[in-house]
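Structure first, commentary second.
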Amino acid sequence: AKIGGRAQTRFFDVTMTRDLVRRREIEDELRQAIQRDELSIFFQPIVDLETGRIRSFEALVRWFHPEKGELRPDEFIPVAEESGVIVTLGNWITAQAARTAAQWPEDVTVAVNLSPLQIRAPGAALGILNALREAGLPASRLELEVTESLFIEDSDATALFIEELSAKGVRFALDDFGTGYSSLGYINSYPFKKIKVDRSFVSGPNVGLKSDAIIRAVAEMGSTLEMEIVAEGLETIEQVQAVRDAGCTLGQGYYFSRAVPDYLAAMLLSRERET
Ligand code: C2E
Ligand code: CA
Ligand code: CA
Ligand code: CA
């Protein structure tokens, strides 16, 4: 039993070390990835469910690693957050996204995801305004997507950040709505223009009468409070019809398009505007 126990301990040590090594690798390499041009921003259309037209694109970061291949943000964003690299990375993402969006028609906006750490970094609001100015993009064409995790340590810095940028015309969207706690309180306290209903309400084991009723209630609230309600993760025409019937105004998901490189985003827009 003693030997078995020891063997087990060693087994766990090995896996833990391997995970740690990989995290460490990712952390080190992430710092260099920007300079090496391994990161790029992809854009996923957000579509008006009434007209079918593209109203905005969400910027989603991709990392094409020379050895590890394509890494998804779920794998490296948490590492970037823990190590603090997210501040540099986030600034780069915002700048890139703003530059790309400046090429689009004036009525098309860009949505950028923000990590809580980015907001707490000193000069965060200024950094975003600088990125907009350098890109020549009006503040009203930038949307910042934040999740409820931002408010867990409800600091004055967060409130100030949102107030300062809202005053300049930047819009805020509450992302992954329905996956956290007491979201209604946040909607009451902050000037959100948009709510993105999490994809778990659209597909998966928990979809049914209840989830449908919840989406309806959220859409009802959205129309009263003049907030747009986005349904995420739409993969089928049935899902699109269901959320439109429920009162969502915007949709996003593979049914319309995956996230695509900037030149394809531009092509989607010009194709739509030719007709
Ligand atoms: P998110 O903000 O909820 O982004 C939506 C995710 O759902 C994206 O995954 C998108 O590709 C995926 N998705 C879109 N439509 C569908 C669909 O129809 N079906 C399914 N199954 N999935 C769909 P992605 O690009 O892997 O990003 C994952 C998460 O990583 C994002 O979730 C966001 O939290 C984070 N992330 C991505 N880019 C950034 C970034 O630039 N900065 C920060 N801070 N976080 C980012
Ligand atoms: Ca998002
Ligand atoms: Ca989301
Ligand atoms: Ca998310």
Side-chain angles (χ1 to χ4, degrees), residues 30 33-34 38-47 54 56-64 69-101 109-121 124 127-128 131 142-150 171-180 183 192-205 207 218 228-240 242-243 248 250-262 264-265:
L30 201 45
I34 300 175
E38 291 168 13
L39 296 170
S40 81
I41 314 288
F42 276 37
F43 297 90
Q44 187 178 34
I46 299 173
V47 172
I54 297 171
S56 64
F57 286 92
E58 177 173 5
L60 295 161
V61 66
R62 297 286 179 264
W63 182 3
F64 299 94
E70 183 183 337
L71 295 176
R72 305 228 84 192
D74 285 331
E75 193 165 7
F76 64 88
I77 290 285
V79 181
E81 286 173 337
E82 275 166 36
S83 58
V85 181
I86 191 68
V87 176
T88 311
L89 179 62
N91 288 339
W92 180 85
I93 291 168
T94 309
Q96 286 294 105
R99 244 175 261 150
T100 301
T109 59
V110 67
V112 174
N113 292 284
L114 276 196
S115 292
L117 252 171
Q118 277 175 269
I119 293 180
R120 288 190 213 112
I128 285 169
L142 176 70
E143 258 162 27
L144 296 176
E145 297 194 0
V146 300
T147 58
E148 291 150 350
S149 63
L150 180 68
R171 285 180 270 192
F172 283 84
L174 185 58
D175 202 0
D176 300 347
F177 180 76
T179 57
S183 327
F192 290 111
K193 294 280 188 287
K194 211 179 246 185
I195 292 173
K196 302 189 79 175
V197 178
D198 191 68
R199 112 165 142 255
S200 58
F201 286 86
V202 170
S203 67
V207 169
V218 172
E228 302 235 51
I229 308 300
V230 190
E232 289 192 288
L234 300 175
E235 294 182 355
T236 67
I237 182 72
E238 288 80 15
Q239 291 167 350
V240 172
V243 299
C248 294
L250 298 170
Q252 178 179 4
Y254 298 162
Y255 175 76
F256 298 110
S257 170
R258 289 185 180 251
V260 297
D262 54 3
L264 281 181

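Numbering of residues begins at 1 and proceeds along the displayed sequence. Note that ligands are numbered from 1 as they come in the structure, with each ligand's atoms numbered from 1 the same way. Everything numeric in this text was worked out from a predicted model, so none of it was measured. Heavy atoms only: backbone and side chains are in, while hydrogens, waters and symmetry mates are out.
Only side-chain heavy atoms of E232 come within less than 4.0 Å of ligand 1; its backbone N, CA, C and O stay farther off. Under 4.0 angstrom from ligand 1, the non-hydrogen atoms of D176 all belong to its side chain. Of all the heavy atoms of R258, none lies under 4.0 Å from any atom of ligand 1, so neither backbone nor side chain is involved. Residue contacts with ligand 1, taken as heavy atom pairs separated by less than 4.0 Å, involve D175 solely via side-chain atoms from C-beta onward. At a heavy-atom distance under 4.0 Å, no atom of Q252 approaches ligand 1. Contacts between V61 and ligand 1 below 4.0 angstrom, taking non-hydrogen atoms only, involve backbone and side chain alike.
Between F256 and I54, the closest side-chain pair of non-hydrogen atoms is not below 4.5 Å. Taking 4.5 Å as the limit, some side-chain heavy atom of Y254 sits within range of a side-chain heavy atom of Q44. The side-chain heavy atoms of I119 and L114, taken from C-beta on, include a pair separated by under 4.5 Å.
Shown in contact with R72 at under 4.0 Å from a heavy atom are these atoms of ligand 1, numbered in order with element: 26 (O). Atoms of ligand 1 lying under 4.0 Å from any heavy atom of P73, numbered from 1 in the order shown and given with element: 24 (P), 25 (O), 26 (O), 27 (O), 28 (C), 30 (O), 36 (N), 37 (C). For ligand 1, the atoms closer than 4.0 angstrom to any heavy atom of Q44 are 14 (C), 15 (N). If you number the atoms of ligand 1 from 1 as listed, the ones under 4.0 Å from a heavy atom of E58 come out as 2 (O), 4 (O). Counting atoms of ligand 1 from 1 in the listed order, those under 4.0 Å from a heavy atom of L234 are 18 (O).
Residue contacts to the Ca ion (ligand 2): T147 brings no N, O or S atom closer than 3.0 Å.
Proximity annotation for atom 11 (O) of ligand 1: of E81, E235, R62, R62 comes nearest, heavy atoms only. Scanning D74, T94, L60 for the heavy atom closest to atom 28 (C) of ligand 1 points to D74. In this structure, of L89, N113, L114, L71, the residue bringing a heavy atom nearest to atom 42 (N) of ligand 1 is N113.
Below 30°, between 30° and 60°, or above 60°: for F76 and W63 the angle between ring planes is above 60°, a perpendicular geometry.
E143 and K193 are not joined by a salt bridge, as no carboxylate oxygen comes within less than 4.0 angstrom of a charged side-chain nitrogen.
Between the T236 side chain and the Q239 main chain, a donor and an acceptor come within less than 3.5 Å of each other.
Here the angle centred on the Ca ion (ligand 3), running from OE1 of E232 over to OD1 of D176, is 100°, rounded to 10°.
Side chain to side chain, N113 and E58 meet the donor-acceptor criterion of an N or O pair below 3.5 Å.
Looking at E58 and the Ca ion (ligand 2) together, the shortest N, O or S contact belongs to OE2. Checked against the Ca ion (ligand 2), the N, O or S atom of E145 at the shortest distance is OE1. D175 has its closest N, O or S atom to the Ca ion (ligand 3) at the position named OD1.
Distances from ligand 1 to the non-hydrogen atoms of A259 include no value under 4.0 Å. Residue-ligand proximity: K196 is placed with every non-hydrogen atom at 4.0 Å or more from ligand 1.
Polar contact check, E145 against ligand 1: no nitrogen or oxygen pair lies under 3.5 Å apart.
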